[in-house]
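What follows is a set of notes on a single structure, which appears directly below.
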Amino acid sequence: MDRFQFTNGCIVRVFILIPAYREAQVIGDVIRNLHPLKHTVVVINDGSPDNTADVARAAGAIVLTHCMNLGQGAALQTGLEYARRQRADRVVTFDADGQHSPDDVTALLHAMDEKDVDIALGSRFLGKAPGIGWLRKLILKLAVIYTNLSTGLRLTDTHNGLRALGATAIDCIQLKQNRMAHASELLQQVAEHRLRYTEVPCTITYTPYSVAKGQKLFNAVNILTDQTIGKLHK
Amino acid sequence: MIIQFVLASMLSLIALLAFMRSHKAPVIGFPVMGLACLGIIFVIFPNITQIIANHVGVSRGVDLVIYVFMAIMLVVILDIYLRIQAMLDRQTILVRHICLQESERG
């Protein structure tokens, strides 16, 4: 049974959304590590050519499958739509590559409850990111400056896939960016809808697998281009 | 002379095709037809481009043609890109719809 107990005694439904593309190697362990939390784990299989879906299903997750690869943003939006239809009270977005810690899921949910916010955002720079390269750190810091200036938010980590959304945020957020610019788009919508937010320290664990699978640093240029074109397209 | 004949023939064909398609896509058809006809005139009377170029401050007629062509192509490329983006958006909606329907069927 999926549940998370608020401090005021309410039982709520928490869905953990994991967009996944070609993660058959690690997705099973990622899902099993979340089992102790007893939340509903939903893997959005983004058109993976390998057996990511089968491994995820065998590990106990609900699996939604895109018939073709669209991108992490699109997968997340599909997950949000599913959670909305299932009347989820809370949604936590979680990376499929094993970078995130299940302990931080609980920390985000507690922070949402204690600070009464609509969205809690994980921050590696308030927490820990052992093994982060200097170039990656520099590009992430520049992204923080750019996002804070363009949105008016005050954040320390703007490209962290670990987030907890409350019912209001689940209803408000509508991601149109299919690929990696969705992270910036989500924050743009947090600002536009004036959602109450907080940042929570989290741990990002960089492994050779996650670094190889993760965003290439040059992708920052693509993200900026996608954002600009997205605004033009509006 | 040979090149004038070849170019005028190609542009005539384009103008004809654009005219035939213009009832279905008038926004594209008529401008393409107009530009093709203008192209035929410039090919047969190349001095006209020089006269126009002198009036607008460009040194050579062929340079004027290139500049105008580049500007038109940039607009066309942007239009095509935005149309492709719109198609991708519709594709995303469709893929998501199929995904969620299949999840409801279980």
Side-chain angles (χ1 to χ4, degrees), chain A residues 15 17-21 40-48 52-53 56-57 61-88 170 173-182 185 222 225-234, chain B residues 14 17-36 38-39 56-58 63-106:
Chain A
F15 281 58
L17 303 181
I18 309 179
Y21 178 66
T40 304
V41 178
V42 179
V43 169
I44 305 96
N45 171 32
D46 189 23
S48 303
T52 295
R57 209 170 280 120
I62 293 170
V63 178
L64 310 176
T65 296
H66 284 168
C67 55
M68 59 188 296
N69 177 248
L70 294 176
Q72 192 183 56
L76 214 53
Q77 180 59 31
T78 298
L80 283 173
E81 185 58 39
Y82 178 79
R84 211 174 279 132
R85 292 183 185 193
Q86 299 298 317
R87 299 188 201 285
I170 294 169
I173 302 294
Q174 297 283 345
L175 300 172
K176 298 250 189 296
Q177 291 282 353
N178 281 2
R179 306 258 164 216
M180 297 314 293
H182 75 275
E185 186 191 19
N222 291 333
T225 309
D226 282 344
Q227 275 185 277
T228 311
I229 298 292
K231 285 180 181 155
L232 192 72
H233 192 47
K234 270 187 189 175
Chain B
I14 291 169
L17 285 169
F19 173 71
M20 286 162 62
R21 294 271 187 269
S22 58
H23 65 284
K24 275 192 179 174
V27 173
I28 303 288
F30 285 121
V32 169
M33 195 173 68
L35 285 170
L38 204 59
V56 298
V58 177
D63 290 345
L64 175 66
V65 170
I66 289 171
Y67 297 155
V68 169
F69 179 75
M70 275 171 56
I72 293 171
M73 280 301 108
L74 285 172
V75 170
V76 168
I77 288 169
L78 182 62
D79 182 60
I80 290 172
Y81 180 83
L82 291 174
R83 283 173 193 269
I84 290 173
Q85 281 301 120
M87 275 174 54
L88 288 173
D89 287 347
R90 288 195 292 273
Q91 181 185 73
T92 299
I93 291 169
L94 185 60
V95 169
R96 181 168 298 133
H97 178 74
I98 293 169
C99 170
L100 292 171
Q101 258 199 335
E102 283 177 355
S103 77
E104 280 167 14
R105 274 197 229 115

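Below, chains carry the letters A, B, ... as their sequence lines are ordered, and counting in each starts from 1. What you see is a predicted model, and the numbers here were worked out from it, not measured in a lab.
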Note to self: So for A:Thr78, is it side chain, backbone, both, or neither that comes closer than 4.5 Å to the heavy atoms of chain B?
What the structure shows: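 Looking at A:Thr78, backbone and side chain both touch chain B.
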Notebook entry, point to check: Where does A:Leu64 contact chain B at under 4.5 Å (heavy atoms): side chain, backbone, both or neither?
Noted result: both
Check: Does a donor on one side chain and an acceptor on the other come within less than 3.5 Å for B:Thr92 and A:Asn178?
Finding: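 On atom types as modelled, these side chains qualify, holding a pair under 3.5 Å.
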Note to self: Looking at A:Arg57 and A:Val63, would you say the former's side chain and the latter's main chain have a donor-acceptor pair under 3.5 Å?
What the structure shows: no
Margin query: Between A:Gly47, A:Ala74, A:Ala75, who has the most heavy-atom pairs with chain B when the cutoff is under 4.5 Å?
Written below: A:Ala74
Check: Hey, does A:Gln72 have a side-chain heavy atom less than 4.5 Å from the side chain of A:Tyr21?
Finding: no
Margin query: Quick one, B:Arg105 with B:Glu102, criterion salt bridge (Lys or Arg N to Asp or Glu O under 4.0 Å). Give me CA distance, side-chain angles, the key distance, then yes/no.
Written below: CA-CA 5 Å; B:Arg105 274 197 229 115; B:Glu102 283 177 355; 5.0 Å; no
